[in-house]
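No experiment lies behind these values; they were computed from the predicted model shown. Quick note: numbers below take in every heavy atom, side chains included, and nothing from hydrogens, waters or symmetry partners. Just so we're on the same page: letters track the sequence lines, and every chain starts at 1.
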Protein chains: 2
Amino acid sequence: MPVSRRGQLPVWQQIAEELRTSINDGTLLPGSRLPTEAELTERYQVARNTARQALTALVNEGLVTPARPRGYFVRDRKPLYYRPQQEFRPRPLSPEMDIFLAEHSADGRQPAQSIEVAIVDPPRDVKKRLNLGDGELAVVRRRVRYLDGEPFHTNDSYFPLRLVQDTEIMRPEDIARGANQVLAEVGYLQVRALDEFYVRMPTPDEARRLSIGPGTPIAYHLVTGLTEEGQPVRVVLNVLPGDRHVIAFERTRVALPTQAAE
Amino acid sequence: MPVSRRGQLPVWQQIAEELRTSINDGTLLPGSRLPTEAELTERYQVARNTARQALTALVNEGLVTPARPRGYFVRDRKPLYYRPQQEFRPRPLSPEMDIFLAEHSADGRQPAQSIEVAIVDPPRDVKKRLNLGDGELAVVRRRVRYLDGEPFHTNDSYFPLRLVQDTEIMRPEDIARGANQVLAEVGYLQVRALDEFYVRMPTPDEARRLSIGPGTPIAYHLVTGLTEEGQPVRVVLNVLPGDRHVIAFERTRVALPTQAAE
DNA sequence: AAGTGGTCTAGACCACCAC
DNA sequence: TGGTGGTCTAGACCACTTA
């Protein structure tokens, strides 16, 4: 086979490149099995570790996933649309999960979620955006959302404790009309939100919580909800595995048609 | 040292975990050097490959970067804000690069860009969003933007060839008033845009073009620009390395305060 | 020139699970 | 229970780049 030990590229990269090509040109379709490590060592006449290095590279690129003891398989990415704007749209009275449900159940997939409420000293990220003083606490509603029993993403909403004490927000149950409505009822209507997306590899904790395999990055999505006066009253922290989401939103022209920047 | 061969976790994971902890608790600050492979094999009494596997894992998590022959170093993530909304804001007559420049030069960093124009059969992603028939061609303006001489992101704008033939868009130069304005002048004013973000590892090509090291994912940002009639006239394809960008935008309430979804 | 990580080999034992 | 990938060892040679 055409691997050369004197080539510009290391042998393992040449092997990885050949496999990559097979995947891209459709020779190896999503879901199909790659050659085993043993087959590669045989075919290219290299040590097993060399073949392994090639496969490991593909795993870290997110192209391939190992499924012991059946072999390595070409990954099948089928991300679903995730619409941060959705939450500023009016909607009928319905369980808190509605949006998520409406977005995804159309596919015939079974949505589910777990809710957990805690009073915490929030992470620095959140503290800063909520303008919390030292030692000031927050309530967090932590959710993991599932699709067909598989974890899909996490959604942790933080509220300053002093604003939501003794409201429904403190109870680990679905809030039929939405937590934002509860906030509005106690005088903190949100009229603006700031969205930030960080793209990075998951921490081991995140990987565990969401069953994220190697080679799968995440979007770390922060939303800061503000009142008319610009007071932050809510920070949401979402972790969206890249292989399961497409983040989508829509924009409309805000200004007169005098100028349109590229 | 406390690595046990009979532990639940493989030795290399235990080593990785100790290093990870040192990084997170500030013992190893961003920019500082990790122990060398030789030092780790000595300290933990393991084979070099085992120490290496621990370090490689941290590299693939994006925590650490190897800088031969100086050793491994803790990475320093300093992403800049990237605001897709910016382009729908009015702005003064100025070079095409202005937005990018205004966004980033405040930091005292030197922005630059390269432009390249080509007539191509666009990728499927683009073709579909532009509603191009089979064999119908497009013009692409490919840009790489730099900051302090380092590649920062790529920005490829596609236009249906039939719409922009003989316009400035065909010329590989900065368009002072912006390509969108040119489009508007020939009758294709954009009033809406659809944004999609995919989060994934870079392809080897992307990694090369943008000098992306291992363990760094990208956001693949697609913008489809639509006219009043809903005709797509522009598709932009951005590749944003995760270690250099924070994607940010703002939302305002669109509906009456009857309902506020969480 | 020395020391670093990069590559590669050859071999061993093990845990897991589909068949 | 066989075959798979996961882990680990011990050693070798090389390429690079900074000091």
Could you tell me if [X] sits above the aromatic ring of [Y], with its cationic atom closer than 6.0 Å to the ring centre and no more than 45 degrees from the axis?
X: Arg83(A); Y: Phe249(A); answer: no
X: Arg70(B); Y: Phe73(B); answer: yes
X: Arg200(B); Y: Tyr220(B); answer: yes

Look up atom CG in Asp195(A) and atom NE2 in His221(A), then write down how far apart they are to the nearest 0.5 Å.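 Asp195(A) CG to His221(A) NE2: 3.5 Å, rounded to 0.5 Å.
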What's the separation between atom OH in Tyr158(A) and atom CG in Asp125(A), rounded to the nearest 0.5 Å?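 Here the interatomic distance stands at 9.5 Å.
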In whole Å, what is the span from the [atom1] atom of [X] to the [atom2] atom of [N]?
X: Ile15(A); N: dT9(C); atom1: CD1; atom2: C1'; value: 13 Å
X: Asn49(A); N: dG11(D); atom1: CG; atom2: C1'; value: 13 Å
X: Gln14(A); N: dT7(C); atom1: CD; atom2: P; value: 12 Å

I need the residues from residues 204-214 of chain A with at least one non-hydrogen atom less than 4.0 Å from DNA chain D; give them sorted by number, or say none.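 Those residues: none at all.
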Closer than 3.5 angstrom, by distance alone: can the side chain of Ser211(A) be matched with the main-chain N or O of Ala207(A) as a donor-acceptor pair?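 Pair absent, no side-chain N/O of Ser211(A) close to backbone of Ala207(A).
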How close do Gln14(B) and Leu9(B) get, heavy atom to heavy atom, and via which atoms?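 Closest pair (atom of Gln14(B), atom of Leu9(B), distance): NE2-O, 2.8 Å.
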Look at the rings of Tyr82(A) and His245(A) and say which category their plane angle falls in: under 30° parallel, 30 to 60° tilted, over 60° perpendicular.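 Ring orientation, 0 to 90° scale: perpendicular.
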Pair assignment for dC19(C), Watson-Crick or G-U wobble, requiring both distances under 3.5 Å: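 The base-pairing partner of dC19(C), which may sit in any strand shown, does not exist here.
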Output one line per pair: protein atom, nucleotide atom from nucleotides 4-6 of chain C, and distance, for all N/O pairs under 3.5 Å.
| residue | atom | partner | partner atom | Å |
| --- | --- | --- | --- | --- |
| dT4(C) | O4' | Pro69(B) | O | 3.2 |
| dG5(C) | OP2 | Glu37(B) | N | 3.2 |
| dG5(C) | N2 | Arg68(B) | NH1 | 3.2 |
| dG6(C) | OP2 | Arg52(B) | NH1 | 2.9 |
| dG6(C) | OP2 | Arg52(B) | NH2 | 3.4 |
| dG6(C) | OP2 | Tyr72(B) | OH | 3.3 |
| dG6(C) | O4' | Arg68(B) | NH1 | 3.4 |
| dG6(C) | O6 | Arg48(B) | NH2 | 2.6 |

